[in-house]
Amino acid sequence: MTDVLTQPRPIRLKGRSYLALTLTPELPFEDWLARLDDLASRSAGFFLRRPVVLDITGLDVDRAQLRGFVSQLGTRQVRIMGIEGASPALLGSDLPPAMADGRPTADFEPPAAAPEAVKAEVATAEPVMPDLPKAVPSIIVTQQVRSGQSLVFLEGDVTVVGSVASGAEIVAGGSIHVYGTLRGRAMAGTMGNAAARIFCRKLEAELIAIDGYYKTAEDMGPEFRGKPVQIWLDGEAFKVEALA
């Protein structure tokens, strides 16, 4: 009985997924950083408190270049949580760890049972966790999205029956529909859906993005400001059309 009472509790390890921005820089780094500075200057706080993954797949850089680049991002308040696409020789204790494509995981605890029992439990658990697509097409928000709020729905469309305030943000895996004024940031098609669109009753957005391509307020034509519009991608170019 004494052994049972004094035995330390096992540490519980939890699997959890988080939304992180992925930056895919291009060479030369100086030119790419200048474009990043331009984005940051026109959308204040865009990277503030955001987890960011750096994807350098296909870039021919050495360790010194990578270290200097990560340092440059740090001076811009862009905190890199991991690096994807880097060879093991490039990484070390002075750089963020290597990362690969995320996968959803379930909570688990280190088992105390014998290996045979563990194998039996795993074999039993596998059928109840199939990797099947979920048909969750959209969510509807019936109130205003206030400044500082971030509404994230990666499974499909987001519809806001109201307005999106300046400093607010909507991130959707599908299209975004705003039945009011869009003043904040709207990022549609974030899971690789280039067919996603952005609709709003009144365009006053600080930033719009579809499938990773973005435009800031200064880049949008003044003829569409304050009007009902739909926005979509044609290749890498944004198309805007006024709604009746």
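Basis for what follows: all heavy atoms, side chains included, without hydrogens, waters or symmetry-related copies.
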Asks: Heavy-atom distance under 4.5 Å between the side chains of L233 and F238, does that happen here?
Replies: yes

Asks: Is it true that M187 and M191 fall in one hydrophobic cluster, defined by side-chain heavy atoms closer than 4.5 Å?
Replies: yes

Asks: Would you call R76 and L36 a side-chain contact if the rule is heavy atoms closer than 4.5 Å?
Replies: yes

Asks: Indicate, with yes or no, if the rings of W32 and F69 have centres closer together than 6.0 Å.
Replies: yes

Asks: Hey, are the side chains of I170 and V164 touching, using non-hydrogen atoms and a 4.5 Å cut-off?
Replies: yes

Asks: Flag yes if F29 and L91 sit in one hydrophobic cluster, no otherwise; membership is Ile, Leu, Val, Met, Phe, Trp, Tyr, and two members link when side-chain heavy atoms are under 4.5 Å apart.
Replies: yes

Asks: Could you tell me if the side chain of T181 sits less than 4.5 Å from the side chain of R201, heavy atoms only?
Replies: no

Asks: Are V70 and L90 linked, directly or through intermediate hydrophobic residues, by side-chain heavy-atom contacts shorter than 4.5 Å (ILVMFWY only)?
Replies: yes

Asks: With heavy-atom distances below 4.5 Å as the criterion, would you say the side chains of V161 and I140 are in contact?
Replies: yes

Asks: I need the full list of salt bridge (Lys or Arg N to Asp or Glu O under 4.0 Å) pairs touching residues 234-244, with sequence neighbours left out, sorted by first then second residue.
Replies: none

Asks: Using a distance-only test with no angle check, is there a side-chain donor-acceptor pair under 3.5 angstrom linking E84 and T22?
Replies: no

Asks: Any side-chain heavy-atom pair from S163 and V178 closer than 4.5 angstrom?
Replies: no

Asks: For E204, run the salt bridge (charged side-chain N to carboxylate O under 4.0 Å, His left out) check against R185, R183, R225 and tell me which one passes.
Replies: R225

Asks: Report yes if some heavy atom in the side chain of I56 is under 4.5 Å from a heavy atom in the side chain of I83; otherwise report no.
Replies: yes

Asks: In terms of hydrophobic clustering (I, L, V, M, F, W, Y; side-chain heavy atoms under 4.5 Å; direct or indirect links), are F199 and I231 co-clustered?
Replies: no

Asks: Quick check: closest heavy atoms across A217 and A205, and the distance to 0.1 Å?
Replies: CB-O, 3.4 Å

Asks: Do L23 and V78 have side chains that approach each other closer than 4.5 Å (heavy atoms only, starting at C-beta)?
Replies: yes

Asks: How would you list all residue pairs meeting salt bridge (Lys or Arg N to Asp or Glu O under 4.0 Å) that involve residues 60-72, not counting sequence neighbours?
Replies: R63-D94, R67-D94

Asks: Between S175 and R197 (side chain of the first, backbone of the second, donor and acceptor by atom type, cut-off under 3.5 Å), is there such a pair?
Replies: yes

Asks: Between V160 and Y179, is a side chain to side chain contact (heavy atoms under 4.5 Å, CB included) present by the stated rule, with each step listed?
Replies: CA-CA 6 Å; V160 179; Y179 289 92; over 6 Å; no

